[in-house]
Amino acid sequence: MKILFSNPPWEVEGRHTVRAGSRWPHSYKTTPGAKYTYKPFPFFLSYAASYCQERLPNSEIILRDSLLNQESVENFLSFLLKNEFDYLVFEISTPSLDSDRVLIQKIAHQNPKTKIILVGQNIAYDAKNLLDTLPVFACIKGEYEKGVAQAISGNRGGVLEFNLLDQTEMDAAPAAMRREGLYEYYDVGYFHGKGPILQLWTSRGCPFKCSFCTWPQSMTLNKVRYYSADSLRKEITQTLKKFPSFKAIYFDDDTFNLNDRHVLEVCKVVEEFKLPWSAMCRADTLKESTWEAMASADCVGVKIGVESASQRILDEVIHKNLNLEDVRHFVPFIRSLGIKVHGTFMYGNPTETEEEMLATKRFIEEVGFDHVQESGAAPLAGTKLWNLNEQTHLLNETDGKKYQEALERKLVQYV
């Protein structure tokens, strides 16, 4: 039996596209000739591939990341024609859905014997509609290791409900499948330069309920589980043995620093490998002494999600559960330890005023960050932000950036 795990092509003329591996699938314009572009590692897809390889030992498992390889639809269809797969695990997303629908129809026509299994954030809210309107075998909600294995081993189609790994199952499962092209995945170059950066998880899920963030809502149901120190050490060891040229590590958890105990355990593990590292974090979850331990363990950078300098927007729209005074205190403190801080912000949330957006601009200057990411709010289907926008009709899921661009034209007089 042949099974393909696929992050399929998503072609948007003149733009770089990102789907599997990103909490916010999107496309963006790139600088002509740019060598380095954001290429997130497809965690859910890769963990599911290795899980099924172990659970379905008589199967041939292939993992293909068409977005990493910038593969065209034509080449992808040619590959499928040459390889008659029994099952195709196909990750979809909100922004790519129109393109995905067309591609799925072409695959079904060309490879009628291949059973297509849909996975990804859209399944949580739209599984029945996708199953009814597309020639697919199954739709699996949430993180999908167990679901894919069950669908294939039992030839079980239809909608498969959430079936998350528990902590014991996570530690017992094999590490994510990492094969050719691994060095090409790229993130957080502003911390580590251009050398290859190993992207890892130390946990799954996030207890915070930010209205815009899709994975905690659609993939993990806010259920937090931590990989043990032994499991993390084993995955890093195995990966570096096979791919020894990595120059740094990036922990791309939904929220890496949820509690002091977990962070301190990870610090002890990562110190063994003598590599600088960075992580996706919050500003308000750790003691100062834990931040100091991170610095001592050669943490060189953190991403901090702030989103807005309007406490009203944070409380009433984003539901960030974040006090801006904590950001004002901890960002300068973290930077004083030699850890760079990358702040993320977005503009144009439903009901957000121009003055609130400009206040965010002033906040960025006031607090001081080493780098910032500023984007337009863009609701993804099934999130609370999507539901709110259904009531207000203020945003389009694919062009929230227009709010940022409009704001930029007015900044000279304010900043």
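Values below: every heavy atom of this structure, side chains too, minus hydrogens, waters and symmetry copies.
To the nearest 0.5 Å, the span separating OG1 on T214 from NZ on K384 amounts to 10.5 Å. Between the CD atom in E84 and the CD atom in Q110 there is a gap of 8.5 Å [rounded to 0.5 Å]. Between I334 atom CD1 and I304 atom CD1 the span is 4.5 Å, to the nearest 0.5 Å. A distance of 9.0 Å separates NZ in K242 from CG in L182, rounded to the nearest 0.5 Å. Atom-to-atom distance recorded for S93:OG and W24:CH2 is 14.0 Å, nearest 0.5 angstrom.
A side-chain donor from one of Y186 and K194 sits under 3.5 Å from a side-chain acceptor of the other. Checking S231 against S228 by side-chain atom types alone, no donor-acceptor pair falls below 3.5 Å. At a cut-off of 3.5 Å, with distance as the only test, a side-chain donor of D126 or N129 sits close to an acceptor on the other residue. Using modelled atom types, one finds no donor on one side chain facing an acceptor on the other under 3.5 Å when comparing T220 with R225. T94 and Q121 share a side-chain donor-acceptor pair at under 3.5 Å.
The aromatic rings of F243 and Y183 lie perpendicular to each other, with more than 60° between the two planes, well past the 30° mark.
Both the sub-6.0 Å distance and the 45° axial angle are not jointly satisfied by R64 relative to the ring of F76. Remark: R261 is not positioned above the aromatic ring of Y226, lacking an NZ or CZ atom under 6.0 angstrom from the ring centre and at most 45 degrees off the axis.
Side-chain atoms of D284 never come within 3.5 Å of backbone atoms of L322 as a donor-acceptor pair (strictly under, hydrogens ignored). Looking at S78, its side chain never comes within 3.5 Å of a backbone N or O of E74 through a donor-acceptor pair. N222 contributes no side-chain N or O that, together with a main-chain N or O of G205, makes up a donor-acceptor pair within less than 3.5 Å. The closest donor-acceptor contact from the side chain of T114 to the backbone of F85 lies under 3.5 Å. Not a single donor-acceptor pair under 3.5 Å links the side chain of T344 to the backbone N or O of Q373. For the pair S22 (side chain) and R19 (backbone), a donor-acceptor distance under 3.5 Å is absent. Within the 3.5 Å criterion, the main-chain N or O of A309 finds a donor-acceptor partner in the side chain of T360. Proximity of a side-chain donor or acceptor of T255 to a complementary backbone N or O of L258 within less than 3.5 Å is not detected. Here the side chain of D260 pairs no donor or acceptor atom with the backbone of L286 at under 3.5 angstrom. The main-chain N or O of C210 is found under 3.5 Å from a side-chain atom of Q217 such that the two form a donor-acceptor pair.
Taking the charged nitrogens against the carboxylate oxygens, K268 and E265 have no contact shorter than 4.0 Å, which rules out a salt bridge. Salt-bridge formation is not detected for the pair E145/R55: no Lys NZ or Arg NE/NH1/NH2 atom is positioned less than 4.0 Å from an Asp or Glu carboxylate oxygen.
Residue K2 qualifies as enclosed at atom NZ: its count of foreign heavy atoms under 6.0 Å is above 12.
The heavy-atom pair separating M177 from I61 by the smallest distance is CE-CG2, 4.0 Å. Closest of all the heavy-atom pairs between Q105 and T133 is NE2-O, 3.9 Å. In terms of heavy-atom proximity, I249 sits nearest to H192 at O-NE2, 3.7 Å. C281 approaches M294 most closely through the heavy-atom pair SG-CE, 4.5 Å.
Residues K115 and I152 have side chains not in contact (no heavy-atom distance under 4.5 Å, counting atoms from C-beta outward). Here the side chains of D252 and F41 are not in contact, with every heavy-atom distance at 4.5 Å or above.
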- prompt: What's the verdict on side chain to side chain contact (heavy atoms under 4.5 Å, CB included) for I104 and R101, showing C-alpha distance, side-chain angles and the deciding distance?
  reply: CA-CA 5 Å; I104 289 166; R101 283 182 174 276; 5.8 Å; no

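Checking each of W277, Y250, Y227, W201 against F256 for a ring-ring contact (aromatic ring centres under 6.0 Å, His included) leaves exactly one that passes, namely W277. Under the ring-ring contact (aromatic ring centres under 6.0 Å, His included) rule, F369 has a single partner from F345, F330, Y190, which is F345. When M357, M346, E352 are each tested for a side chain to side chain contact (heavy atoms under 4.5 Å, CB included) with S308, only one passes: E352.
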